[in-house]
There are 2 protein chains.
Amino acid sequence: MKQDLKKRYAAQAAVIKAMAHPTRLLILHSLKKKETCVCELRDLVGDDISTVSKHLLVLRRAGLVAARREGNWLHYRLTCPCVLDFAACVGGLKGKCV
Amino acid sequence: MKQDLKKRYAAQAAVIKAMAHPTRLLILHSLKKKETCVCELRDLVGDDISTVSKHLLVLRRAGLVAARREGNWLHYRLTCPCVLDFAACVGGLKGKCV
DNA sequence: GTTCTATTTTGCCAAATAGCCAAATAGATG
DNA sequence: CATCTATTTGGCTATTTGGCAAAATAGAAC
């Protein structure tokens with residue numbers, strides 16, 4: 001495998017991996033509608049808030065979300081809504097393809 | 001989180017997770033060009049053939065590839081080329097988005 | 001300063017993953 | 001039948017992940 005190719009696929013895989021969790025997909029879809037603070041996301045997801053925070057860290061590191069502070073709250077937002085078009089494509093994969 | 005929603009995101013995440021590895025992305029992109037046997041993929045990837053075989057199992061289970069036997073060889077093919085459009089979008093994520 | 005609230009970080013554990021090697025399998029061919 | 005070839009499976013180890021709970025942090029408000 002050529003080195004530059006290897007690097008490019010590693011970079012792509014890192015982003016895809018960040019999306020590869022049900023909770024994180026839920027968060028991404030929720031953020032598509034509007035900026036949301038962590039506690040609101042915790043209510044939506046239902047996990048411990050520290051767990052939600054870790055998922056947000058994963059998404060932040062991948063460059064998929066960013067945060068904006070407003071008083072005590074951190075408002076998270078999607079940086080690149082286009083990534084969710086993909087999830088829809090993937091949605092009903094089985095059965096549809098050859 | 002509503003149950004049906006949870007299930008849908010779990011199903012999507014399973015497919016995305018299958019794509020979330022540099023070697024598997026390489027394999028998928030290679031298969032986009034043409035059907036390929038395992039030994040050819042091993043040469044391309046450079047890992048042990050058993051490792052490549054396991055990656056193919058992951059992709060098969062996700063419904064992303066399928067195999068066709070011809071003599072001694074198994075020819076793998078992409079079942080749903082559309083999934084790769086996404087990888088391109090994800091490629092240069094950092095820097096491009098807000 | 002202290003206190004309160006939202007969020008992150010740390011520590012821990014169980015489960016999943018990726019890789020190699022060796023052994024097993026499936027089909028072709030002698 | 002035995003043998004060869006392509007591929008898969010099983011076993012092992014090292015590493016990563018996801019979850020909770022407790023402790024730490026950052027900023028607002030008193």
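Source: prediction; values computed, not measured. As a basis for the values below, the full set of heavy atoms in this structure was taken, side chains included, without hydrogen atoms, waters or symmetry mates. So that the names make sense, note that chain A is the first sequence line, chain B the second, and so on, each numbered from 1.
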Please state how far atom CG in B/Leu57 lies from atom C1' in C/dA18, giving the value in whole angstrom units.
13 Å

Residue-phosphate contact under 4.0 Å: A/Lys54 side-chain N/O, C/dT10 OP1/OP2:
no

For B/Val52 and for A/Ile49, find the nucleotide of DNA chain D with the closest heavy atom, then tell me which residue's nucleotide is more 5'.
B/Val52

Is it true that B/Arg68 and B/Tyr76 share a donor-acceptor pair across their side chains at a distance under 3.5 Å?
no

From D/dA28, D/dT9, D/dC20, pick the nucleotide closest to the side chain of A/Asp48?
D/dC20

Contacts of B/Arg42 meeting salt bridge (charged side-chain N to carboxylate O under 4.0 Å, His left out) (sequence neighbours excluded), chain-then-number -> none

For A/Leu74 and C/dT5, give me the distance from atom CG to atom C1', rounded to whole Å.
12 Å

Using heavy atoms to find the nearest nucleotide of DNA chain D for A/Asp47 and B/Cys39 separately, return the residue whose nucleotide is more 5′.
B/Cys39

If you compare every side-chain N and O of B/Arg69 against the phosphate oxygens of D/dT7 (OP1, OP2), does one of them come in below 4.0 Å?
no

Rounded interatomic separation in angstrom, taking CG from A/Leu41 and P from C/dA6:
14 Å

For A/Glu40 and C/dT5, give me the distance from atom CD to atom C1', rounded to whole Å.
16 Å

OP1 or OP2 of D/dC20 sitting under 4.0 Å from any side-chain N/O of A/Thr51?
yes

In whole Å, I'd like the distance from the CG atom of A/Asn72 to the P atom of D/dG27.
10 Å

Check whether any side-chain N or O of A/His75 sits under 4.0 Å from OP1 or OP2 of C/dA6, and answer yes or no.
no

Shared hydrophobic cluster, B/Leu44 / A/Leu5 (ILVMFWY, side-chain heavy atoms < 4.5 Å):
yes

Is A/His55 near enough to D/dT17 that one of its side-chain N or O atoms lies under 4.0 angstrom from OP1 or OP2?
no

So among B/Leu41, B/Val38, B/Val58, which one has a side-chain contact (heavy atoms from CB on, under 4.5 Å) with B/Ile27?
B/Leu41

Check the distance between D/dG18's C1' and A/Leu59's CG and give it to me in whole angstrom.
14 Å

Looking at D/dT16, I'd like to know if its phosphate oxygens (OP1 or OP2) sit under 4.0 Å from a side-chain N or O belonging to B/His21.
no

How close or far is atom P of D/dT7 from atom CD of B/Glu70, stated in whole angstroms?
12 Å

Output the rounded distance in Å from CH2 (A/Trp73) to C1' (C/dT8).
17 Å

With a 4.0 Å limit, can you tell me whether B/Tyr76 has a side-chain N or O closer than that to the phosphate oxygens OP1/OP2 of D/dT8?
yes

Audit row: B/His21, A/Tyr9, ring-ring contact (aromatic ring centres under 6.0 Å, His included) steps and yes/no
CA-CA 8 Å; B/His21 190 286; A/Tyr9 287 133; over 10 Å; no

Base, sugar-phosphate, or nothing for B/Arg42, non-hydrogen atoms under 4.0 angstrom?
nothing

